[in-house]
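Structure first, commentary second.
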Amino acid sequence: MIVQACINGARPRDFHPALPLTARAMASDAMACVAAGAAELHMHPRGADGRESLAVDATVLAVRGACPGTLIGVSTGAWIENDVARTREAIAGWRELPDYASVNLSEADAPAVMELLRQRGVGIEAGLATTADAERFVALAGHDRVLRILIEIDMQDLAAALDEAQGIAAVLERAEVRRPILLHGVDITVWPFVELARRKRWSTRVGLEDGKTLADGSTAKDNAEIVAAAVAVFRGEA
């Protein structure tokens, strides 16, 4: 069980005053998150214009220098380059390799992206947002060769989101998938899912990618405050 910090995601600049968008800001933010108890880091590198980018080298290098020994992950979301060939080319060109990268099984090119990451020696977080994603994942040859499973539900109806998470878990159980699971929600489901992850003894992630509020609904000061609150839940202190 770990708490992973997801420090920015695809959120726009005005989402929160403390949203880190440059390599330097992400490195500083990552240090604070690790000090608050984050075991790993997940980030979306940005270009000079503030938009998401698969040119990850400078950001990974900066964050690794700030947080030596901490595992660092990035997204491979198809929307970032919005082109299959450019996405593959960008990943193939990485020189400062992240420790792992998330791949959304809802995306058409997910199997090819997963194979490319394996060839490059980058761990894979298999992102499952629906039971259909889970069924597709377990049907893949070598599906057990991933670092972990992300159950990542973006539904804003809590009851429906909980049902979907349970459905995904059931598919994985039937297929006898034995990889670690990290459960996380978005906005209103963040804290219910943190608590569910604690009960299930799964990992979780929190941060400004997934939401900006604390469990009481107040706006967090920054990523580190959100991480500290999730760590407290996992330790039974909240």
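All heavy atoms count here, side chains included; hydrogens, waters and symmetry mates do not. The shown structure was predicted, so the numbers you read here are calculated from the model rather than taken from an experiment.
Nearest heavy-atom pair, Arg174 versus Glu135, reported as atom, atom and distance to 0.1 Å: NH2-OE2, 3.5 Å. Of all the heavy atoms in Leu182 and Gln4, the pair that sits closest is CD1-NE2, 3.9 Å. Nearest heavy-atom pair across Gly127 and Asp133 is O-OD2, 4.4 Å. Residues Met43 and Pro45 share a closest heavy-atom pair of O-CD, 3.5 Å. Between Ala18 and Lys221, the shortest heavy-atom distance links the atoms CB-O, 3.7 Å. Residues Ala129 and Ile168 share a closest heavy-atom pair of C-CD1, 3.8 Å.
Rounded to the nearest 0.5 Å, atoms NZ (Lys212) and CD (Glu225) are 14.0 Å apart. Of the inter-residue distances, the one linking Asp57 atom CG with Arg95 atom CZ reads 7.5 Å to the nearest 0.5 angstrom. Remark: Gln166 CD to Asp163 CG distance equals 8.5 Å, nearest 0.5 Å.
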Output a table of donor-acceptor pairs, distance under 3.5 Å, between side-chain atoms of residues 61-75 and any protein atom two or more places apart or on a different chain; print 'none' if there are none.
| residue | atom | partner | partner atom | Å |
| --- | --- | --- | --- | --- |
| Arg64 | NH1 | Glu96 | OE2 | 3.2 |
| Arg64 | NH1 | Leu97 | O | 3.0 |
| Arg64 | NH2 | Leu97 | O | 3.1 |
| Arg64 | NH2 | Asp99 | OD2 | 3.1 |
| Ser75 | OG | Gly77 | N | 3.0 |

Side chain to side chain contact (heavy atoms under 4.5 Å, CB included) between Leu117 and Tyr100, intermediate numbers included: CA-CA 8 Å; Leu117 291 171; Tyr100 57 88; over 6 Å; no

side-chain hydrogen bond (donor to acceptor under 3.5 Å, both in side chains) for His44 and Glu52? Distances and angles first, verdict last. CA-CA 6 Å; His44 290 219; Glu52 292 175 89; 2.6 Å; yes

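Crowding of Met31 atom CE: a count of heavy atoms from other residues, nucleotides or ligands under 6.0 Å not exceeding 12. Counting heavy-atom neighbours within 6.0 Å of Glu89 CD, excluding the residue itself, gives a total of 12 or less. Residue-environment remark: CD (Glu173) stays at or below the threshold of 12 foreign heavy atoms within 6.0 Å. In this structure, Arg118 places its CZ atom where more than 12 heavy-atom neighbours from other residues, nucleotides or ligands lie under 6.0 Å away.
Side-chain N/O atoms of Glu107 and Trp79 include no donor and acceptor closer than 3.5 Å. A side-chain donor-acceptor contact under 3.5 Å links Glu152 and His184. Neither side chain, Asn104 nor Ser106, offers a donor N or O lying under 3.5 Å from an acceptor on the other.
Not counting sequence neighbours, the partners of Asp29 by the side chain to side chain donor-acceptor pair (under 3.5 Å) test are Asn223.
Taken together through direct or relayed side-chain contacts under 4.5 Å among Ile, Leu, Val, Met, Phe, Trp and Tyr, Trp202 and Leu150 form parts of separate hydrophobic clusters. At a threshold of 4.5 Å between side-chain heavy atoms, the hydrophobic network of Ile, Leu, Val, Met, Phe, Trp and Tyr places Val56 and Leu147 in two separate groups. Placement of Met155 and Val186 in two distinct hydrophobic clusters is found when ILVMFWY residues are connected by side-chain heavy-atom separations under 4.5 Å, directly or transitively.
Its side chain within the 4.5 Å cluster rule, Trp191 clusters with Met1, Val3, Phe15, Leu19, Leu21, Val190, Val194, Val206, Leu208, Leu214, Ile226, Val227, Val231, Val233, Phe234 among the Ile, Leu, Val, Met, Phe, Trp and Tyr residues.
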